[in-house]
Structure formats: C-alpha cells, structure tokens
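Have a look at the structure below before the remarks.
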Amino acid sequence: VQLQASGGGLVQAGGSLRLSCAASGRTGSRYSVGWFRQAPGKEREFVAVITWNRGTTYLADSVKGRFTISRDNAKNTVYLQMNSLNPEDTAVYYCAANVRGIASANRDYYTGSQVYDYWGQGTLVTVSS
C-alpha cells in the first residue's frame, strides 16, 4: 500500500487548504485513514480519522469546527479540509492507513500512531500571521 499526501502550501491566517491522501496498491476497502501532524520541535499528534466501515469521523479537539475529513472510495482518496487556519496549524501533515479491518467504536483507538500500518510522505502546511 502506498499513500501520497498532497495539497500543502503557504496560506495566511484565516485561510483554507484541502489536503488529499491518495492510496494505491493492495488496499482493499477495509482501511481507515488518519491524519497526523508534526510541528517543528514537537511530537507528532493526531488530527483526524475516518473509519472504513461507516465513515465515522473523529477529530482532535484543537481542530473541531475548523477541519473536516472525508473520503471518496471510488478514488481511494481521503481529504482533509482545513478552514480558519492559524499559525499553530503550521506543521508537516501525514496521512496513514490502518488496514487491519478493525471497526472500533473507541475514538482513542485511532489517535495513536502505532495502529497505523502505512504512512505517506507528509505535506508541509505553513500558516503565516
């Protein structure tokens, strides 16, 4: 499975970006996709996830109300729409896939990087003030 993240760039505070994560290879259909981010000097943190079975979404508290995650199964692509961006959102954004076919109802299951099997290369988002 290969993941290709794209859509990052430079944007002013208050602006929007849409990130894409395109999956290829032997993905099947039972995979959940999460987004994480890592700012300079900080730990990688969970941002959002969309599950494979019902398309359930979970978002980090820091992005609720501003970010949305969606998927187009026909294109094997997951999107992260980011609105009302602020400088604290500046980071490298990574998408990751959990291909274990687990459909957990526990949000916390998806927030740890250890449950993801494949990772994209990251795309840089820079928000200027």
Side-chain angles (χ1 to χ4, degrees):
V1 176
Q2 294 81 43
L3 300 175
Q4 180 71 40
S6 62
L10 174 64
V11 64
Q12 289 188 330
S16 299
L17 282 174
R18 188 178 78 159
L19 304 184
S20 299
C21 177
S24 60
R26 300 172 66 89
T27 60
S29 61
R30 299 174 63 175
Y31 65 99
S32 299
V33 175
W35 284 95
F36 289 74
R37 66 185 181 185
Q38 187 166 19
K42 294 188 176 181
E43 297 287 320
R44 186 174 298 186
E45 64 174 358
F46 167 80
V47 176
V49 65
I50 185 164
T51 66
W52 66 268
N53 58 330
R54 296 181 179 179
T56 302
T57 63
Y58 300 108
L59 293 106
D61 290 343
S62 60
V63 305
K64 280 181 181 177
R66 301 188 299 124
F67 292 12
T68 57
I69 185 170
S70 61
R71 70 191 296 166
D72 184 334
N73 290 328
K75 296 182 178 180
N76 281 345
T77 300
V78 170
Y79 303 99
L80 184 68
Q81 178 67 43
M82 306 186 297
N83 300 327
S84 301
L85 286 161
N86 58 62
E88 289 70 40
D89 296 314
T90 294
V92 177
Y93 284 71
Y94 299 89
C95 61
N98 174 313
V99 300
R100 305 173 193 187
I102 295 174
S104 176
N106 181 0
R107 172 187 179 276
D108 290 342
Y109 170 79
Y110 297 101
T111 62
S113 60
Q114 69 277 5
V115 302
Y116 294 88
D117 307 293
Y118 299 95
W119 291 80
Q121 83 288 2
T123 185
L124 176 62
V125 172
T126 303
V127 184
S128 63
S129 57

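Each of Val1 and Val115 belongs to its own hydrophobic cluster when Ile, Leu, Val, Met, Phe, Trp and Tyr are linked at side-chain heavy-atom distances under 4.5 angstrom. Clustering ILVMFWY residues whenever any of their side-chain heavy atoms sit less than 4.5 angstrom apart, transitively, puts Val99 in a cluster other than the one holding Tyr94. Tyr118 and Tyr79 fall into different hydrophobic clusters, where Ile, Leu, Val, Met, Phe, Trp and Tyr are joined by side-chain heavy atoms under 4.5 Å apart, directly or via other members. The hydrophobic clustering, which links ILVMFWY residues whose side-chain heavy atoms are closer than 4.5 Å, places Trp119 and Val49 together.
Contact record, Ala105 with Tyr58: O-OH, 3.5 Å, taken as the closest heavy-atom pair. Summarising the geometry of Leu3 relative to Ala23, their closest heavy-atom pair is CD2-CB, 3.7 Å, with the distance given to 0.1 Å. The two atoms that bring Val78 and Ile50 nearest to each other are CG1-CG2, 4.0 Å, heavy atoms only. Across Thr90 and Ala39, no two heavy atoms sit closer than the pair O-CB, 3.5 Å. Ser129 and Ala13 make their closest contact through CA-CB, 4.3 Å (heavy atoms, listed as atom of the first residue, atom of the second, distance).
Going from atom CD of Gln4 over to atom CG of Asn76 covers 14.0 Å, rounded to the nearest 0.5 Å. For the atom pair CZ (Phe46) and CG (Leu59), the distance works out to 6.5 Å, reported to the nearest 0.5 Å. Rounded to the nearest 0.5 angstrom, Ser62 OG and Asp89 CG are separated by 7.5 Å. Atoms CG and CG, on Leu17 and Asn83 in that order, are 9.5 Å from each other to the nearest 0.5 Å. We find the CD-CG distance between Gln12 and Leu85 to be 11.5 Å, quoted to the nearest 0.5 Å. Atom CD in Gln121 sits 7.0 Å away from atom SG in Cys95 (nearest 0.5 Å).
Between Arg37 and Val63, the closest side-chain pair of non-hydrogen atoms falls below 4.5 Å. At least one side-chain heavy atom of Arg66 sits less than 4.5 Å from a side-chain heavy atom of Asn86.
Using the six-membered ring where Trp is involved, Phe67 and Tyr93 have ring planes that are tilted, between 30° and 60° apart.
Listed by first and then second residue, the side-chain hydrogen bond (donor to acceptor under 3.5 Å, both in side chains) pairs that reach into residues 107-117 are Asn98-Tyr109, Arg100-Asp117, sequence neighbours excluded.
At least one test fails for Arg44 against the ring of Phe36: distance under 6.0 Å to the centre or angle within 45° of the axis. For Arg71 and Tyr31, the positive end sits near the middle of the six-membered ring, less than 6.0 Å away and at most 45° from its axis.
In this structure, a donor-acceptor pair under 3.5 Å is absent between the side chains of Asn106 and Ser104.
Without hydrogens or angle criteria, Trp52 side chain to Val33 main chain gives no donor-acceptor distance under 3.5 Å. Not a single donor-acceptor pair under 3.5 Å links the side chain of Thr123 to the backbone N or O of Ala5.
Residue Leu80 is tested with Leu19, Thr68, Val125 for a side chain to side chain contact (heavy atoms under 4.5 Å, CB included); the sole match is Leu19.
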